[in-house]
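Worksheet for the structure shown next.
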There are 2 protein chains.
Amino acid sequence: MTDRPGLSKGEMEVARVLWSLGSASVRQVHEAFPPDREIDFATVQTYLRRLETKGYVTGEIQGRTRVYTPCVQPQSVIRESIHDFVDRLFGGETLPLVRQLIEEGDVSTDELAELRRLITRLEKQRKPEVQ
Amino acid sequence: MTDRPGLSKGEMEVARVLWSLGSASVRQVHEAFPPDREIDFATVQTYLRRLETKGYVTGEIQGRTRVYTPCVQPQSVIRESIHDFVDRLFGGETLPLVRQLIEEGDVSTDELAELRRLITRLEKQRKPEVQ
DNA sequence: CTTGACCAAGTACAACTGTACGTGTAAAGT
DNA sequence: ACTTTACACGTACAGTTGTACTTGGTCAAG
C-alpha cells in the first residue's frame, strides 16, 4: 500500500487542521487551533515540517512565508488509521467497535435514525433483486 | 479519571492477549500470539513489565515463573482508547466514524441486520412510553 | 555432579514524539 | 537608518516505544 510512515497523535492533529483549511501558512494553522488547545507556534511549525518529510503535505515558499498544502486525501489516511485501530483493539473485527460506539450512548437519537436509514440503504444496495 | 498512562500499540497487543488468557506467564502469552506475528519472547517480557509499571497488570512469582494478571477491565481501557481515537480523528464526533465503518464494506450483511436490531432496541429503550 | 533448558530481571539503544529554543534574515513601522 | 516584528530553518532534548541481548540463577535430564 501507500508506504508512508503513520501519523502520530500530534501530527494527526495538525494534519486535520490543514485539511480543514485546504492550504495554509504555519501561522494560519496555528491560529486555526481551538483556543483551549495551547500549542506553540514553533511546535506547529515542527509538525508541519515532519508532515512534509513523511510525505503528507507539500510546502512551498510564497513570498516570505511557506505555505503548506495537503497532498494526501484525508479519506485515505483516516481509512488507514481506522483499519489499524480496529486491528489493534478488536483483532480486525469491525462490529464490536460499532456496537461499542453506539451502545456507549455517544450517538444521539437523531443519529440513530440516520444510521437506520444508512443501513437500509446499504441492505438494498446489496440485494439488487429487490429492485 | 483513571490516571494510568495510555497504552502504546505494542502494549495493547500484549494486553489483549493477556485479557484473553485471563492470567498467564510470559511464555504463555508469547505462545498465544498469532503465529504470523513474529515477536521475541524477551519483547513480550518487556511489554508485560511495562504494563505492570503502568498499572495495568500485576505480576506474581509462582514457583519459578512470574504470572501476570490483568488488573484493569478491558472494557474501560478500550472505552478510553476509543474516546481518544474519536477525539483525534473526528474531533469527538462518533457518527462519522460509525458511518465510515459500515460504509467501508467491512460489515457483513448479517452484521447489518444485527446492527439494525441493536438500533431498534436502543430506540425503544430511549422512548420508554412506548409501553 | 554436569550440562542444557528455561526464566527473571537488568540493560541497551535507535527511532519516534512532543515540545520548544535560538539564529539569521527580511519586511514593516518610526 | 534603526528598530521591531515575523518567520524559516536548524537544533535540542527528554520521554516513549519497539525490539532485543545479557547475566545469573534454578530445575531437570543425563
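Numbers restart at 1 for each chain; the letters A, B, ... are given by sequence-line order, proteins then strands. Computation of the quantities below employed the complete heavy-atom set of this structure, encompassing side-chain atoms and omitting hydrogens, waters and symmetry-equivalent molecules.
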Please give, in whole Å, the distance from [N] [atom2] to [X] [atom1]?
X       : N      : atom1 : atom2 : answer
B:Tyr68 : C:dC7  : OH    : C1'   : 11 Å
B:Ile39 : D:dC21 : CD1   : P     : 13 Å
B:Leu48 : D:dA20 : CG    : P     : 15 Å
A:Tyr47 : D:dC9  : OH    : C1'   : 18 Å
B:Leu51 : D:dT19 : CG    : P     : 14 Å
B:Leu7  : D:dG18 : CG    : C1'   : 15 Å
B:Gln28 : C:dA8  : CD    : P     : 11 Å
B:Arg4  : D:dT16 : CZ    : P     : 16 Å

Under 4.0 Å between a side-chain N/O of [X] and OP1 or OP2 of [N], yes or no?
X       : N      : value
A:Thr43 : C:dG18 : no
B:Arg50 : D:dG15 : no
B:Ser8  : D:dG18 : yes
B:Lys9  : C:dC16 : no

Choose from D:dC7, D:dC9, C:dT19 the nucleotide whose nearest atom is closest to any side-chain atom of A:Phe41.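 Of D:dC7, D:dC9, C:dT19, D:dC7 is nearest to the side chain of A:Phe41.
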Between C:dT17, D:dT11, D:dT17, which nucleotide gets closest to the side-chain atoms of A:Lys54?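 Nucleotide nearest to A:Lys54's side chain: C:dT17.
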Confirm from the modelled atom types if [X] and [N] form a donor-acceptor pair under 3.5 Å, side chain to base only.
X       : N     : value
A:Arg27 : D:dT5 : no
B:Gln45 : C:dC7 : no
A:Arg64 : D:dT5 : no

Both A:Glu11 and A:Arg49 contact DNA chain C. Taking the nearest nucleotide for each, which residue is further toward the 5' end?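 Looking at DNA chain C, the more 5' nearest nucleotide goes with A:Glu11.
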Considering every strand and a 4.0 Å limit on heavy-atom distances, what is the contact class for A:Thr65: base, sugar-phosphate, or nothing?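 The answer is sugar-phosphate, as A:Thr65 gets under 4.0 Å only of primed atoms, P, OP1 or OP2.
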Looking at every strand, decide which applies to A:Thr46 at a 4.0 Å heavy-atom threshold: base, sugar-phosphate, or nothing.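 Counting heavy atoms under 4.0 Å across all strands, the contact made by A:Thr46 includes a base.
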So, A:Lys54 and A:Glu11, do they make that salt bridge, N to O below 4.0 Å?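 Salt bridge present between A:Lys54 and A:Glu11.
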N-O pairing of B:Arg121 and A:Glu103 below 4.0 Å: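 Looking at A:Glu103 together with B:Arg121, the answer is yes, because their closest N to O distance falls below 4.0 Å.
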A:Glu93 atom CD: more than 12 heavy-atom contacts under 6.0 Å: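 Atom CD in A:Glu93 is not crowded, with 12 or fewer foreign heavy atoms closer than 6.0 Å.
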Full working for salt bridge (Lys or Arg N to Asp or Glu O under 4.0 Å) between A:Arg79 and B:Glu104: CA-CA 9 Å; A:Arg79 201 170 337 106; B:Glu104 207 56 42; 3.4 Å; yes
Does the side chain of A:Thr120 pick up a donor-acceptor pair with the side chain of B:Arg116 at under 3.5 Å?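 The criterion, which ignores hydrogens and geometry beyond distance, is satisfied for B:Arg116 and A:Thr120.
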